Amino acid sequence: MRSKVSVIGAGNVGATCAFRIAEGGYADVVLVDIVEGLPQGKGLDMLESCPIIGSSVNIIGTNSYEETAGSDIVVITSGIPRKPGMSRDDLVATNSNIVKQVTENVVKHSPDCIIIVVCNPLDAMTQMALHVSKFPRTRVFGQSGVLDSARFRTFIAQELNVSIEDVFTCVLGGHGDTMVPVTRLCTVGGVPISDLLPKEKIDRMVERTVKGGAEIVALLKTGSAFYAPGVASAQMVEAIIMDKKKILPCATLLEGEYGINGIVAGVPAKLGSKGIEQVIELKLTDDELVALKKSADAVKGLLDVMGI
Ligand code: APR
């Protein structure tokens, strides 16, 4: 039997993610939204593209959670995106209510699922989904690091004119201003980027990565990035469904790792059929640890705002 993935929110990120999963051909997809006709229309359009892309999966769109029952994975993308001048944290009041209500419905219909949170502010929304679902951390985590490291990889590959495939980056911490790109562990074909680029250039790329979302919001003006966030989320789904044991940066609840307890932060984790199968604790320098803790403190501030 094919796996089942539900994507909540049939907007830009949700639809991109759903389509990427459908292209992968490894799971049936249920697309859910509150807007009548939107998930049905997008779902049907995707289904009609399957004969062309050569995928045999089923895709349905719906306004109800009944069709999501028994999902293996649920990706939560429902929420408002940023507008120019807004930070991700400005979304907290609206999106935390949406995530709370969505998670309650998800848990009711798919009590054994794995939840991947994508809406912003990402770390706080992941914490909200953990709080409401009462699932263990292995089954509730967020997508941000895959996107942030992809952005950093793009800039490095462009700068050095090398294949994107050869670039590895390590980005920890929160999805926002407190992001912690660990440049010491970034390599091109196994060579540290500090051997290939001057510090000022690396610093400029770090800055661009941290503000990567805002750069796109400023260009789009009416919404935020969706192609890269959508496919980043689908990559996490694929790692789980295919039991790849892939090491990806995940926004995960730390339980003492890195000296942080009870707060969600982006760290490398092993993703397989059980969800997060291992949280990887890198040996960080004192400065890197301080930056990661600052990131966790910022999330803590939002938890206080949300009252959880
Ligand atoms: N249940 C289901 N769907 C909902 C709900 C809800 N309670 N509330 C809102 N939605 C739907 C909206 O109707 C919309 O179709 O979520 C969708 C969001 O889509 P977009 O507005 O296109 O936003 P998108 O760009 O996809 O971003 C979604 O992901 O990257 C983050 O910051 C971004 O928080 C934002 C989220």
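Order of appearance sets the numbers: ligands from 1, and atoms from 1 within every ligand. Keep in mind it's a predicted model, so treat the numbers as computed, not measured. No hydrogens, no waters, no symmetry mates; every other heavy atom, side chains included, goes into these values.
Given atom 22 (O) of ligand 1, the protein heavy atom at minimum distance is N12 N, 2.9 Å. Closest protein heavy atom to atom 18 (C) of ligand 1: G79 O, 3.3 Å. The protein heavy-atom contact nearest to atom 17 (C) of ligand 1 is D33 OD2, 3.6 Å. Looking from atom 4 (C) of ligand 1 to the surrounding protein, the closest heavy atom is S78 CB, 3.4 Å. Of all protein heavy atoms, the one closest to atom 1 (N) of ligand 1 is I34 CG2, 3.7 Å.
Atom numbering of ligand 1 starts at 1 in the shown order; those under 4.0 Å from a heavy atom of I98 are 5 (C), 6 (C), 7 (N), 8 (N). For ligand 1, the atoms closer than 4.0 angstrom to any heavy atom of C119 are 29 (O), 31 (C), 34 (O), 36 (C). Shown in contact with V35 at under 4.0 Å from a heavy atom are these atoms of ligand 1, numbered in order with element: 13 (O). Shown in contact with V13 at under 4.0 Å from a heavy atom are these atoms of ligand 1, numbered in order with element: 24 (P), 25 (O), 26 (O), 27 (O), 29 (O), 30 (O). Within the listing of ligand 1, atoms 34 (O) sit less than 4.0 angstrom from a heavy atom of N95. Near L38, the atoms of ligand 1 lying under 4.0 angstrom from a non-hydrogen atom of the residue are 15 (O). Close approach of ligand 1 to V118 (heavy-atom distance below 4.0 Å) involves ligand atoms 29 (O), 30 (O), 31 (C).
In this structure, the side chain of T68 does not engage the main chain of S6 through any donor-acceptor pair within 3.5 Å. Side chain of S295 to backbone of G174: a donor-acceptor contact under 3.5 angstrom is found. No donor-acceptor distance shorter than 3.5 angstrom exists from the side chain of D166 to the backbone of G189, with no hydrogens or angles considered. Between the R139 side chain and the C113 main chain, a donor and an acceptor come within less than 3.5 Å of each other. Side-chain atoms of S64 come within 3.5 Å of backbone N or O of E66 as a donor-acceptor pair. Under the 3.5 Å distance criterion, the side-chain polar atoms of N63 are matched with a main-chain donor or acceptor of D33. Side-chain atoms of S71 do not come within 3.5 Å of backbone N or O of V74 as any donor-acceptor pair.
Within the 4.0 Å heavy-atom criterion, the part of Q101 lying near ligand 1 is the side chain and not the backbone. At a heavy-atom distance under 4.0 Å, only backbone atoms of I80 (N, CA, C or O) approach ligand 1. Under 4.0 angstrom from ligand 1, there are no non-hydrogen atoms of P229.
Of all the heavy atoms in K294 and T178, the pair that sits closest is O-CG2, 4.4 Å. Closest approach of M179 and T209 over heavy atoms only: CE-O, 3.9 Å.
When I76, T77, V117, N120 are checked for heavy-atom proximity to atom 32 (O) of ligand 1, N120 turns out nearest. Relative to atom 23 (O) of ligand 1, the option among G11, A15, P81 with the closest non-hydrogen atom is P81.
E104 and K108 are not joined by a salt bridge, as no carboxylate oxygen comes within less than 4.0 angstrom of a charged side-chain nitrogen.
In this structure, L122 has no heavy atom closer than 4.0 Å to ligand 1.
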* Begin from the C-alpha positions of E23 and S55 and carry the test side chain to side chain donor-acceptor pair (under 3.5 Å) through to its verdict. => CA-CA 6 Å; E23 274 183 302; S55 174; over 6 Å; no

